[in-house]
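Protein chains get the first letters and strands the later ones, always in sequence-line order, with residue 1 at the start of each. These numbers come from the heavy atoms of this one structure, side chains and all, not from hydrogens, waters or symmetry mates.
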There are 2 protein chains.
Amino acid sequence: MGFKKVYSYNLGHEAGVSAEQIRKDFSHFKITGNKKGGYEIDGVLDKLNFIFRKNELQKVIIVGMGNIGRALSHYECGFTERRQYIVAGFDIDPVKIRKTYNVPVYHMHSMDEYIRTNNIQIAIMAVPFISAQEVCTFLVEAGIKGIMNFSPVLLQVPEDVIVNNINLCDELEIVIYTAVNSYTFNENMINNLTSQEIQGARE
Amino acid sequence: MGFKKVYSYNLGHEAGVSAEQIRKDFSHFKITGNKKGGYEIDGVLDKLNFIFRKNELQKVIIVGMGNIGRALSHYECGFTERRQYIVAGFDIDPVKIRKTYNVPVYHMHSMDEYIRTNNIQIAIMAVPFISAQEVCTFLVEAGIKGIMNFSPVLLQVPEDVIVNNINLCDELEIVIYTAVNSYTFNENMINNLTSQEIQGARE
DNA sequence: TAGATTGTTAATCGATTAACAATC
DNA sequence: TAGATTGTTAATCGATTAACAATC
């Protein structure tokens, strides 16, 4: 944008955090500025890109091409900006495999070989509840080190494997709970719960 | 499952949190158990349903019927289990409006009236970055109290409106960063960054 | 009764915020 | 120089964990 320098205050405001937070985080990664002049924008970007490995191409697979899996495969623009590439999708349903998406979709039978051949480390799991743990174990054995998990299951993984759980139902519930209760709920409501009301809640 | 009682240890194990956490949370909501006998499963469920307003039908709209919006509209099964109902979708693209989804899709022109008529309080926003704030302001003025936001924008809202930001790119980035760096990254790397390496990162 | 489990208080931990010396 | 901003240390805050008395 033509600017060369930026202050912790600016960055904090943009990111929605405090200026102190920015300075502390930068300090942690040895990103230094000038006592008066703030931070050099180009230098900061370079270092951040390095830290977040933006110089490397991140290959990611999607396992389970249901609604969420499909949406993510089309979400490519967002990911590619950050050099995160969805390189393939996998499913057990032959119908989904025949369909054409932004990414090639293969049968799960070939997943193990694909992961090993292409040295894939990151997977997005969007499979049904019932098969989630099984798929997860399979992925880990094939060499996956990080999983973004959309299934509402607490996956059991070795401690060197990272799982990031995303539960959209929970997230929606949090919004509803916080927004609706913020103006109708008070602590005493639970105290005063009569058995009739509880019974009502049950129906 | 035939069981009548449950202990804080059981619940914690299932939920992936400590038994103390369970007891503390239950205590906060005045959910009481027996010193020896643990918690009565039915009673706990009833109270939780009441607290989370599961007895009420939660009407939710989706704004922006792109990939994510569409996926969420099909995601109905997950939401309906919790009595969260996606009742309508909105978009400005006539093509999307004509298509048939699990939910009726209307033009945004009719959104204000729909929200007011049906007393909608919760919206899922999955619109492009560029129009996110505008749509948000519109929703708030129409009476929306809680927003699940998929756009990578820090929405400006009055303080009585709840926003839950979900950024799938960020979530994926977190997995990649944590998983890949956990075995290759060490603090000194940044210290020792030569200008050549940084230049390399830039390309 | 003895053992097990709750409910709550105290201790710990980590993360955020405040403060301020260093200095450009 | 004076003012502004960094970088770091200290203080605060909240959330998690530990501990344990109460008691079924």
Worksheet item: What do the steps show when you test A/Ile124 against A/Val60 for side chain to side chain contact (heavy atoms under 4.5 Å, CB included), and what is the final call?
Response: CA-CA 7 Å; A/Ile124 297 172; A/Val60 178; 3.8 Å; yes
Worksheet item: Has the side chain of B/Lys24 got a donor or acceptor atom sitting under 3.5 Å from an opposite partner on the base of C/dT9?
Response: yes
In whole angstroms, how far is the [atom2] atom of [N] from the [atom1] atom of [X]?
X: B/His28; N: D/dG14; atom1: NE2; atom2: C1'; answer: 14 Å
X: A/Asp25; N: C/dT17; atom1: CG; atom2: C1'; answer: 13 Å
X: B/Phe29; N: C/dT8; atom1: CZ; atom2: C1'; answer: 17 Å
X: B/Ile31; N: C/dT6; atom1: CD1; atom2: C1'; answer: 14 Å
X: A/Gln21; N: C/dA18; atom1: CD; atom2: P; answer: 12 Å
X: B/Ile22; N: C/dT5; atom1: CD1; atom2: P; answer: 15 Å

Practice prompt. Decide yes or no for A/Tyr85 and A/Val103: does some side-chain heavy atom of the first lie under 4.5 Å from some side-chain heavy atom of the second?
Written response: no
Worksheet entry | Residues in ring-ring contact (aromatic ring centres under 6.0 Å, His included) contact with A/Tyr7, at least two apart in sequence or another chain | none
Practice prompt. Sequence neighbours left out, what passes ring-ring contact (aromatic ring centres under 6.0 Å, His included) with B/Tyr39? Give chain and number order.
Written response: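 ring-ring contact (aromatic ring centres under 6.0 Å, His included) check on B/Tyr39 returns B/Phe26.
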Discussion item. Could you walk me through whether A/Glu171 and A/Asn167 satisfy the side chain to side chain contact (heavy atoms under 4.5 Å, CB included) test, starting with their C-alpha distance in whole Å, then the side-chain angles of each, then the deciding distance to 0.1 Å, before giving a yes or no?
Written reply: CA-CA 6 Å; A/Glu171 299 293 342; A/Asn167 189 323; 5.7 Å; no
Discussion item. Could you work out, with side-chain contact (heavy atoms from CB on, under 4.5 Å) as the rule, every residue matching B/Val127, not counting sequence neighbours?
Written reply: B/Val63, B/Met108, B/Met125, B/Ser131, B/Ala132, B/Val135, B/Ser151
Worksheet item: Going through the distances and angles, do B/Ile41 and B/Lys4 end up as a side chain to side chain contact (heavy atoms under 4.5 Å, CB included)?
Response: CA-CA 6 Å; B/Ile41 293 173; B/Lys4 292 257 184 231; 5.8 Å; no
Response to the item:
When rounded to the nearest 0.5 Å, the distance separating CD of B/Gln121 from CD1 of B/Ile115 is 11.0 Å
Discussion item. Distance alone, cut at 3.5 Å: any donor-acceptor contact between the side chains of B/Glu141 and B/Thr137?
Written reply: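 Absent: no donor and acceptor within the cut-off.
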Worksheet entry | Side-chain donor-acceptor contact under 3.5 Å, A/Asn67 with A/Arg70 | yes
Item to complete: Look at the rings of B/Tyr106 and B/Phe90 and say which category their plane angle falls in: under 30° parallel, 30 to 60° tilted, over 60° perpendicular.
Response: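 Answer is tilted, since the angle falls between 30° and 60°.
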Worksheet item: Quick one, which residues of residues 9-19 of chain A touch DNA chain C with a heavy atom under 4.0 Å?
Response: A/Ser18
Discussion item. Just to be sure I understand the rule, does B/Tyr39 reach a base, reach only the sugar-phosphate, or reach nothing, if contact means heavy atoms closer than 4.0 Å?
Written reply: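 Here B/Tyr39 touches the backbone only, sparing every base.
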Fill in: Stems involving DNA chain C, each a run of at least 3 consecutive Watson-Crick or G-U pairs under 3.5 Å
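So far as stems of 3 or more pairs are concerned, DNA chain C shows C:3-24 with D:3-24.
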Worksheet item: Distance check: side-chain N/O of B/Ser8 vs OP1/OP2 of C/dT6, anything under 4.0 Å?
Response: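 For C/dT6, OP1/OP2 do have a side-chain N/O of B/Ser8 under 4.0 Å.
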Discussion item. Just N and O in the side chain of B/Ser27: are any of them under 4.0 Å from OP1 or OP2 of C/dT8?
Written reply: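 Checking C/dT8 against B/Ser27, a side-chain N or O does come within under 4.0 Å of OP1 or OP2.
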Fill in: Sugar-phosphate or base contact per nucleotide [nucleotides 19-24 of chain D; S, B, -; heavy atom under 4.0 Å]
B--BBB
